[in-house]
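Proteins come first, then strands; the chains are lettered A, B, ... in the order of their sequence lines, and each starts at number 1.
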Amino acid sequence: MSDRPTPNHRARWSVLLRHGPSLALLFIIALFALLDWQFGSGRFFSSRNAGVIVNSAALVAVPALGMTMIIIAGGIDLSAGTALTLCGTVMAIAFRDYTIPADQAGAATWIALALALGLGVGILCGLINGLIISLSEMVPFIVTLGTMTIFLGVGQVLAEESTVYPQNTHLPDWLRYLCYTGSNTDYYWFSFLPIPSSALIAIVLGIAVALLMHFTVFGRNIVAIGSNPLTARLCGIRVGLTTTWVYALAGVFVGLGALLYFANVKNGNPSDGTGKELEIIAAVVLGGGSLSGGRGSILGTIVGALIIKTISSGCTMLSIPNTYTHIIIGVIIIIAVLIDGLRNGKPKWLFARLASG
Amino acid sequence: MSDRPTPNHRARWSVLLRHGPSLALLFIIALFALLDWQFGSGRFFSSRNAGVIVNSAALVAVPALGMTMIIIAGGIDLSAGTALTLCGTVMAIAFRDYTIPADQAGAATWIALALALGLGVGILCGLINGLIISLSEMVPFIVTLGTMTIFLGVGQVLAEESTVYPQNTHLPDWLRYLCYTGSNTDYYWFSFLPIPSSALIAIVLGIAVALLMHFTVFGRNIVAIGSNPLTARLCGIRVGLTTTWVYALAGVFVGLGALLYFANVKNGNPSDGTGKELEIIAAVVLGGGSLSGGRGSILGTIVGALIIKTISSGCTMLSIPNTYTHIIIGVIIIIAVLIDGLRNGKPKWLFARLASG
Amino acid sequence: MNALLEVSRISKRFGPTIALDNVSMTAQAGRVLALIGENGAGKSTLLKTLSGAHRPDHGTMSIDGQSYRPAGPIDARSRGVAIVYQELTLAPDLSIEDNIMLGRSGTVAGTLLRSRQRQRVQKAMDQVGLSSISPKARTGDQSVATQQLIEVARALVSDAKIILFDEPTSSLPAADVDRLFQIVDTLRSRGLAIIYISHFLEEVRRIADDYAVLRDGHSVGAGQLSQISDDQIISLMVGRDVDDLFPAVPHEIGSARLDIDRLTAAPVPHNVSLSLRRGEIFGVAGLVGAGRTELLRCLFAMQPTRSGTVRLDGRPLPQRINARRRAGLGLLSEDRKTEGLAQNLSITENLSMGNHQRYSTLGCLNLNARSEDAKRWIEKVEIKAQHPNQCVAELSGGNQQKVALARLLAQDAEIYLLDEPTKGIDVGTKAEIYRIMGQLAAQGKTVVFVSSYLPELLAVCDRVGVMSRGRMTEVRVTKDWNEEELMLAALAATEDE
Amino acid sequence: KPSSTSHTGSDTVRLAVIPKGTSHEFWKSVHFGAQKAATEIGDVEIIWRGPVVESDTGSQIEVVKDMITMGVDGIVLAPNQKGGLVDAVDEAIGEDIPVVIFDSGLDDGPKIVSYVATNNFKGGQMAGDAMAKAIGEKGNVILLRYLAGSESTEQREEGFLDAIAKYPDITVVSSDEYAGDNATKAKEKADQLIQLHGETLDGMFAVCEPNANGTLEAIKNAGMAGKIKLIAFDPSDALIKALRDGHCHGIVLQDPVQMGYLSVISLVDSINGKSIPEFQSTGEYLATQDNMDGEPIKQLLKPELME
Ligand SMILES: Nc1ncnc2c1ncn2[C@@H]1O[C@H](COP(=O)(O)OP(=O)(O)OP(=O)(O)O)[C@@H](O)[C@H]1O
Ligand SMILES: Nc1ncnc2c1ncn2[C@@H]1O[C@H](COP(=O)(O)OP(=O)(O)OP(=O)(O)O)[C@@H](O)[C@H]1O
Ligand SMILES: [Mg+2]
Ligand SMILES: [Mg+2]
């Protein structure tokens with residue numbers, strides 16, 4: 001895993017790393033648009049479908065932003081999926097039991113409290129992960145594997161083992177239409193710009209995280225820790241503390257992701273989250289994140305989420321049966337990363353052969 | 001993830017590494033035996049229950065043996081779960097369509113062919129993973145994430161999206177009773193030794209792999225590659241070739257695991273495997289395997305699988321509701337690894353404080 | 001004279017190893033203290049204790065008369081202690097600038113003030129001669145030498161009173177060494193106290209005022225350099241007299257073995273042609289980036305070549321590492337930390353890596369034979385370790401280098417490609433390595449010896465070639481060279497462009 | 001003929017049929033029924049598409065939205081969660097796409113055409129009564145649940161408990177264990193439960209097909225086949241054989257073919273302006289060793305599948 005490109009290719013990395021996944025995305029869009037135009041319903045390349053895709057991508061991208069930070073810091077978070085649905089469940093319970101209909105006076109306070117509660121649970125989950133990892137110095141994989149099932153269990157206890165349905169009237173309109181992708185422009189934040197609110201949120205958060213990573217000491221410290229924890233320690237970075245913060249901050253994104261999840265399905269089911277963690281991690285890795293730490297890109301992660309969802313939407317539009325969809329998704333993931341690698345001189349033996357031939 | 005034990009404790013590692021998880025297991029068994037004796041039905045600490053536990057542990061341990069090799073070599077295999085059920089599905093189809101009743105003459109040949117087919121598919125899956133990883137030099141995580149969905153898709157295409165039931169009469173007796181844990185001693189391989197055959201298989205395979213890892217050049221090369229692929233390359237080890245072999249060999253264990261899976265449920269459902277990979281990886285990591293490569297132990301992996309299954313059985317025996325079981329499993333996993341760490345001087349700050357205080 | 005830093009009766013043990021045993025030492029403002037000792041004597045451990053990376057088990061330290069007990073690296077830095085570590089401690093994924101400023105908050109509310117810090121960074125980089133490299137470049141992409149200079153720059157940006165250098169020159173070429181010495185001089189004249197570890201006595205003489213010698217974790221002598229001779233220092237270090245620093249083993253040069261014809265790769269080397277003979281030690285000198293490392297790596301097929309051929313005994317060699325290795329080539333990597341050794345494996349494991357055929361039949365190992373063999377090598381090259389199963393990361397820098405070298409010797413190659421083999425190795429052991437090289441030549445093997453330390457090239461080699469900008473500009477028999485001419489030759493081609 | 005908004009310009013009616021998942025035979029029978037209706041009516045195209053995992057509401061919402069994007073003329077949907085799909089269905093209705101719900105209920109709100117389903121609660125009650133009969137109205141039984149939060153199986157579970165409550169001599173010794181969504185997990189769980197309750201156990205009810213398969217294996221494994229009475233819900237080859245061998249004592253059956261058929265017929269009728277009843281039951285049946293070879297049970301045990 002620690003193979004690096006040969007030195008003479010490295011110089012190019014920094015520039016291309018950011019564009020690699022984007023090119024893969026463009027390629028995939030072009031491919032599906034063409035196929036759909038030829039053989040499908042021709043609706044793939046429509047603004048409505050774009051809305052549907054970016055909305056589902058946002059649901060993955062928001063928690064993936066936190067995951068990107070964790071992965072850059074050399075960690076991993078398998079609990080992201082169940083932590084997300086735990087937060088969603090808590091929000092659902094709060095809305096079911098402690099809010100009043102959204103059109104009554106004073107409802108805003110309760111709503112704010114309910115959302116804050118969900119977010120708080122997300123931060124708490126992250127904090128627990130971070131504290132255990134930094135205090136016990138155990139590998140993040142096993143810690144978060146443990147907390148993954150713990151969060152699932154806690155969610156199920158809270159939800160009394162079933163799905164929590166809040167009263168529909170208790171949800172404010174902005175929340176109900178956070179993931180709206182239909183044609184009624186009133187439901188969008190900017191009626192002249194029919195982009196799902198969830199996608200706008202993801203974009204804003206993405207910019208914030210990118211700024212954080214590039215322009216703050218905290219951001220640089222994260223890269224340093226993931227790149228070489230020993231060095232970081234010798235340079236006086238408080239590795240444990242920073243790690244804890246990274247996980248806690250990732251918890252914020254889990255909480256926000258839960259908000260979108262809740263707005264999307266409008267109920268909370270704690271076991272919905274199992275398996276989501278792999279999708280989230282996949283978005284990060286497709287976007288150029290390295291599981292050995294130190295490398296990862298925010299733009300890349302968002303593009304990674306888009307790639308995953310574009311493929312799945314494209315297959316539906318082409319009416320490809322589910323089974324084949326699985327195969328196609330797998331093949332495209334591999335090809336996308338392969339192409340990204342090629343452009344970075346990745347199968348070295350190939351480039352060596354080309355160079356000498 | 002790259003945190004290592006402090007150098008001054010490492011000398012002790014080599015000895016303790018093997019015993020750490022085992023002690024955790026003993027502790028867990030003792031805990032549940034005590035609790036069950038006090039509050040439960042008192043059936044936890046019975047030979048029959050031991051049989052049930054080792055049988056379900058064997059189902060995880062066998063594919064985990066291959067995973068151990070992969071993880072020691074610095075890789076990971078997310079596709080193990082779906083590859084396993086793919087093999088199981090292929091066996092089920094072979095038994096459904098191409099065998100004759102087991103008591104007819106000539107049935108043995110067909111049965112052998114069916115099993116060989118399943119095993120062959122396992123090797124093929126491993127080989128595909130290995131070839132893609134070593135030829136494309138992509139990270140194993142993303143490659144096997146891709147093949148994970150591909151194998152799932154292929155399985156679903158073959159099974160036509162449903163469960164494949166072979167005729168019961170076509171299964172030879174030894175296969176039917178491979179996972180038998182009842183009280184009829186005739187169904188065990190050695191009637192004086194009522195241990196499920198599946199467990200015996202896991203033990204024999206475990207010994208074989210342990211020998212392979214310790215006493216062969218191939219085994220040492222695997223460790224070398226996982227510790228530092230650059231050094232391995234410098235020393236003339238053919239990193240790509242060895243990697244390919246490791247994955248192919250792991251495919252053998254996936255195939256054998258599929259045999260047990262098939263013998264256990266006597267049908268094949270390709271989507272059963274989603275999620276299994278995490279359980280398999282958890283067994284390896286609980287047993288002391290390091291996801292950054294170079295470290296892992298066969299005995300540890302088997303013990304890891306036993307830990308997982310003992311906890312789940314213990315919770316049922318104590319009639320703890322499912323939801324709490326999740327929480328308990330998570331907590332115990334974390335504590336087990338924590339204790340293992342403590343004994344290796346793991347939270348360094350704690351030991352530093354103790355030493356200076 | 002005022003003692004700026006006082007260390008008294010410091011002890012530090014790692015498990016059973018006592019790295020420091022009641023060590024005392026003083027360093028004065030405006031003076032350079034050379035810390036000398038064999039590999040594993042405890043020098044690095046002492047500096048790490050000073051820099052707050054380790055905590056001493058016993059003993060006290062003081063700065064300016066005030067007690068000094070650093071709780072960690074930040075604490076040490078705030079007390080004015082900066083350090084350049086022996087092993088590179090850079091985060092490869094960060095830019096040079098970020099590495100230099102790592103852990104140092106030049107910030108407002110956590111936001112980096114890049115423009116403000118850039119001036120400081122640029123100044124430090126100029127000082128160490130990295131002005132031509134962009135501070136935004138990724139650190140991992142730089143050569144080892146550049147990375148070493150980045151480490152020095154990192155120590156310079158801090159406003160330290162005491163700067164600790166742990167073998168800063170071991171991976172620097174001569175020109176950069178000179179620049180470093182100028183820097184040290186300036187720092188000294190500004191009244192800083194400097195502690196400097198080096199295995200090169202002439203370097204020590206050039207730069208240091210005082211010395212302190214460690215042997216097996218004890219202080220065995222200290223004083224002013226002007227009052228002690230080299231031989232005395234060496235016998236303090238080694239505990240016995242070393243009669244010959246450059247032992248010569250008579251060897252006979254035979255017929256041509258390795259023919260290199262117009263070897264070219266991107267970006268270096270360029271059109272290198274050479275004919276190496278049986279029983280010859282061929283030295284390669286040059287500045288950083290001259291392409292010496294790349295040349296060796298091309299010969300070992302670790303790097304693709306663009307054109308040119310390499311023949312051994314007239315037969316062209318295939319483009320695969322293990323094929324070349326089987327044909328009889330062996331490479332000692334310059335970068336022992338990330339490439340040369342598997343740090344988390346044991347000495348035995350590292351020694352046997354790739355050499356398994358010696359104790360295996362049909363792929364099965366004879367573990368006894370293997371550990372016997374490991375013990376033999378540990379004795380032969382005098383690796384200082386507790387036991388053969390000790391993890392390599394626990395060894396001192398020099399002893400790690402010995403493990404890498406021993407593995408290569410165990411490989412029993414025909415052509416030895418040694419890239420800076422004596423890097424970080426003490427005087428006594430260096431002599432041993434020269435002797436081994438001589439013996440190899442006497443057995444009719446060929447040795448290619450890349451080094452930035454000109455005296456050893458001149459003393460040990462039969463011929464020395466100079467590389468510059470990827471070209472082998474001049475090859476002469478050793479007796480036709482002297483140090484100045486070698487330096488000039490290395491610089492020459494650089495200047496006419 | 002119904003007017004069509006399909007861009008192809010032909011007057012084929014394109015209907016999306018969205019099951020909860022695609023990997024159980026049950027859904028393939030639904031597909032068969034839907035296709036049968038389509039063929040009967042003529043000029044109807046069935047677009048068959050399910051979410052990847054049966055418990056994944058998010059991806060089912062995606063599928064519904066994708067179908068709206070594709071501009072289908074109607075949607076037949078088995079919602080994964082009664083609340084989760086409300087807005088997606090609302091959105092479809094907002095785009096003038098009529099929706100029929102089948103198999104599992106949807107929360108109130110959207111004006112759906114009809115709800116076509118088995119009465120799962122009643123099915124559960126049938127299972128409870130069958131169990132009581134099998135064990136002679138007294139003894140210890142286990143209810144092995146499926147997954148937390150799945151509407152239809154929860155209904156069955158409640159129905160079962162409701163029916164059992166009528167028999168004072170029957171004790172439910174465990175009703176809080178979940179078997180999970182595949183046979184391996186179910187077998188492991190059942191193994192443990194049989195281990196726990198051992199000889200005192202008289203009956204087990206497994207609420208769905210993968211669940212029942214695992215439980216059957218566990219019972220055989222423990223050597224208690226025939227002693228522990230097994231009641232299953234939904235058939236499979238293994239269960240049918242067990243029923244014949246006396247290892248299984250009752251299978252509650254639904255009529256998936258009818259479900260698919262009726263849903264499509266209702267949808268097309270409503271597109272053509274007919275009024276449709278709000279709820280249409282497709283019935284629930286109990287298969288036992290005695291009636292398994294007669295119609296309609298024989299047919300329902302092995303319903304036609306879409307290839
Ligand atoms: N972290 C550690 N754990 C265990 N032993 C250690 C550790 N660090 C150093 N040692 C041991 O302490 C002794 C002193 O090591 P140190 O690195 O200080 O030597 P040195 O004088 O710097 O040698 P060199 O010239 O080779 O760099 C050695 O025997 C080494 O093996
Ligand atoms: N012309 C060049 N253009 C770009 N990079 C170069 C060029 N020449 C050398 N380099 C880079 O400079 C670094 C140093 O080269 P190399 O290691 O071969 O030099 P060397 O003579 O062995 O010096 P040393 O071993 O002392 O570092 C390498 O990373 C190489 O890629
Ligand atoms: Mg040192
Ligand atoms: Mg070099």
Most contact-rich option vs chain A, by heavy-atom pairs under 4.5 angstrom, among B/Thr147, B/Val331, B/Ile332, is B/Val331
In this structure, CD1 of A/Ile150 is separated from CD1 of B/Ile334 (nearest 0.5 Å) by 4.5 Å
When rounded to the nearest 0.5 Å, the distance separating NE2 of A/His326 from CG of B/Leu152 is 4.5 Å
inquiry  = Would the distance check show the side chain of B/Thr149 and the main-chain N or O of A/Gly330 forming a donor-acceptor pair, the cut-off being under 3.5 Å?
reply    = yes
When rounded to the nearest 0.5 Å, the distance separating CZ of B/Phe141 from CD1 of A/Ile281 is 4.5 Å
Given A/Val154, A/Val157, A/Ile133, the one with more heavy-atom pairs under 4.5 angstrom with chain B than any other is A/Val157
Rounding to 0.5 Å, atoms CG (A/Leu278) and CE (B/Met148) come to a distance of 5.0 Å
Looking only at B/Val285, B/Ile142, B/Ile333, the option with the highest number of non-hydrogen pairs under 4.5 Å against chain A is B/Ile142
Bottom line for A/Glu277: the part with an atom under 4.5 Å from chain B's heavy atoms is side chain
Closest non-hydrogen atoms of B/Leu338 and A/Ser136, given as atom of the first, atom of the second and distance, are CD1-CB, 3.3 Å
Bottom line for A/Ile335: the part with an atom under 4.5 Å from chain B's heavy atoms is neither
With chain A, the option among B/Val143, B/Ile225, B/Leu135 that has the most non-hydrogen atom pairs under 4.5 Å is B/Leu135
